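Each chain gets a letter, A, B and so on, in the order its sequence line appears, and its residues count up from 1. What you see is a predicted model, and the numbers here were worked out from it, not measured in a lab.
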Protein chains: 2
Amino acid sequence: MSPTEEPSQSPHYVKSAEKTLAVLLAFTADNPHLTVTEVAAATHLTRAAARRFLLTLTDLGYLSTEGSRFALTPRVLDFGAGFLAGLDLPKIAQPHLNDLALDLDESATLSILDADDIVYIARAAAPRLHAVTVNLGNRLPAWATSMGRMLIAELPETFQQQFLDRVEISPFTDHTVSSAAELGKELKKIRVQGWCLVSQELDDGLRGLAVPVRRGDNTLAALNVSLHTSHLRGLSIENDLVPRLQKVAASIAEDYGGRAE
Amino acid sequence: MSPTEEPSQSPHYVKSAEKTLAVLLAFTADNPHLTVTEVAAATHLTRAAARRFLLTLTDLGYLSTEGSRFALTPRVLDFGAGFLAGLDLPKIAQPHLNDLALDLDESATLSILDADDIVYIARAAAPRLHAVTVNLGNRLPAWATSMGRMLIAELPETFQQQFLDRVEISPFTDHTVSSAAELGKELKKIRVQGWCLVSQELDDGLRGLAVPVRRGDNTLAALNVSLHTSHLRGLSIENDLVPRLQKVAASIAEDYGGRAE
DNA sequence: CACATGTGTACGAAAAGCGTACACCGTGAT
DNA sequence: ATCACGGTGTACGCTTTTCGTACACATGTG
């Protein structure tokens, strides 16, 4: 975000670590099969350096090679698995999400904040959903999503202000908010009412409804259901759905007897 | 596996890369919050070295610190996300899995082989399942699971033999196989019949039924449904379920028009 | 109170990784 | 045919990075 972003903050900085991860992250959805030079270009490493890292990662089993192209192996999932396994919340929430998804016939998702993004930590797909489902670990800009706004709204005022100062609102499809100031007003409203509705939150005719999962004073996560505009069988959002979601959120929080963390 | 496993194979080996990943993997399910010394112990690094890596990873946003303990942040999911996004199969298979899970009221899973483990790459939970669900990226020993056996059985003879030579069968709960020789016989049978049933595949009274997802000559993945022993509404495994699964597997393979890879 | 065990810091020594430079191989244009 | 190009892998002296010991401090337990 900042113009000259040099991440060599701490005096004990292991540059190789950064490079290692950069190489792994060079493999993206649109470009899953990369050559040495492509990786070198993507990571700003020398071709020789990139090659060293690629070979090392291959030896370690995180990359596979096919001809002169490299690709990620399933083993890279281990990192995320370690994180998810350490969290109790997804395990506990899953049955509740399943119920909700089955009952409403809409996808239900649980997410938390990481930097200025939300990250999906648990999800139940709508049974009748015959489309591409967004997967665990997916990352979306907080300001643009119902869960993100809900989570930001739950933050202390100071953090919220800092967020508003640095957020860059790109003209997405959402028509209700187009500036940081507007978003600030929206956040106030959300905080007061305790839930958040975002229309056209991703590009299709989709709406997202989110409520916080609170345990005592702190917010553990945000719970969301997608709402196909066409598919609201006479249910009122404010009178039917919000209470329903809040009840589920409460159940999750209750089941979550674990560490406060 | 081998007694003296020194992974410094290639002459261009970046040791820091290995260390970086080792530090990330030090965080396990039972020990998600670690101190510097704990990490040092787990990774066989000096305390100073461990600290350097921990600080670096914190700077990069992959670790968070709480007092003097470190923990993974959601960002580690990025690595796995990159892999999953690169695969077309999960996206394509998901709706089929959802259908299957909804129809049978049992969990449906898709997995592939990585080394001697299977890794879940897509999954639909049984709607009525109120238990802990196993998540994406989970890793289980191939020999012990229906999908694993199915995938091994699909391998060429030579690979299969190599696998049998090195596999270590621990006395799990499964009663049907207790030695590599028996497993070999079982694999032959599986290969011929084209499906695989494993009883008590994990410790509860659960069975797993798997079929291959084939596209042309090569096997893309294994498809599986769990079978609660109590919960077979008069359906015959061989006459009802196997054909059903095979049909779904065929649909998935058909939808998967993508690259041969 | 001492002792064990945790924490962070510093700095000289050692080694690890760097990246240039070179050789090769296929493809496509000239 | 051959030349230029863009890709590949390899080698090795130089520089930088990383190592890990050693020290100083904090904490809590016997």
Whole angstrom is fine here: how far is it from [atom1] in [X] over to [atom2] in [N]?
X	N	atom1	atom2	answer
E38(B)	dT5(C)	CD	C1'	12 Å
L55(B)	dT9(C)	CG	C1'	12 Å
R51(A)	dC12(D)	CZ	P	15 Å
E18(A)	dG17(C)	CD	C1'	15 Å
H33(B)	dG6(C)	NE2	C1'	19 Å

So, are D116(B) and R166(B) salt-bridged, with charged N and O less than 4.0 Å apart?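 Salt bridge flag = yes for R166(B) with D116(B).
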
Could you check whether R69(B) pairs with E38(B) (Lys NZ or Arg NE/NH1/NH2 to Asp/Glu carboxylate O, under 4.0 Å)?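 Salt bridge flag = yes for E38(B) with R69(B).
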
Should L187(A) and Q160(A) count as side-chain neighbours, where that means a heavy-atom distance under 4.5 Å?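 Side-chain contact under 4.5 Å: yes.
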
With distance as the sole test, does [X] use its side chain to make a donor-acceptor pair with the main-chain N or O of [Y] at under 3.5 Å?
X	Y	result
T35(A)	S68(A)	no
T145(B)	G148(B)	yes
Q94(A)	R123(A)	yes

Using OP1 and OP2 only, check whether a side-chain N or O of T35(B) sits under 4.0 Å from dT7(C).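 Checking dT7(C) against T35(B), a side-chain N or O does come within under 4.0 Å of OP1 or OP2.
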
Side-chain N,O (T37(B)) to OP1/OP2 (dT7(C)) below 4.0 Å: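 Checking dT7(C) against T37(B), a side-chain N or O does come within under 4.0 Å of OP1 or OP2.
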
What is the minimum heavy-atom distance between Y120(A) and I118(A), and which atoms define it?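 Result for this residue pair: CE1-CD1, 4.1 Å.
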
If you write DNA chain C from 5' to 3' in dot-bracket form, with Watson-Crick or G-U pairs under 3.5 Å, [ ] for crossing pairs and | for pairs with another strand, what do you get? ||||||.|||||||||||||||.|||||||

Less than 3.5 Å between a donor and an acceptor, one on the side chain of R47(A) and one on the base of dG9(D), is that the case here?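 By the distance-only test, yes, there is a pair.
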
Can you tell me which residue pairs pass the ring-ring contact (aromatic ring centres under 6.0 Å, His included) test with a partner in residues 46-82 of chain A, sequence neighbours excluded?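 Every pair satisfying ring-ring contact (aromatic ring centres under 6.0 Å, His included) with a residue in residues 46-82 of chain A: Y62(A)-F79(A), F79(A)-F79(B).
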
Classify the side-chain pair R47(A)/T37(A) by whether it contains a donor and acceptor separated by less than 3.5 Å.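 T37(A) and R47(A) do not have a side-chain donor-acceptor pair below 3.5 Å.
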
Generate the contact string for nucleotides 14-19 of chain D. Rules: B means base contact, S means sugar-phosphate contact only, - means no protein heavy atom under 4.0 Å. ---SSB

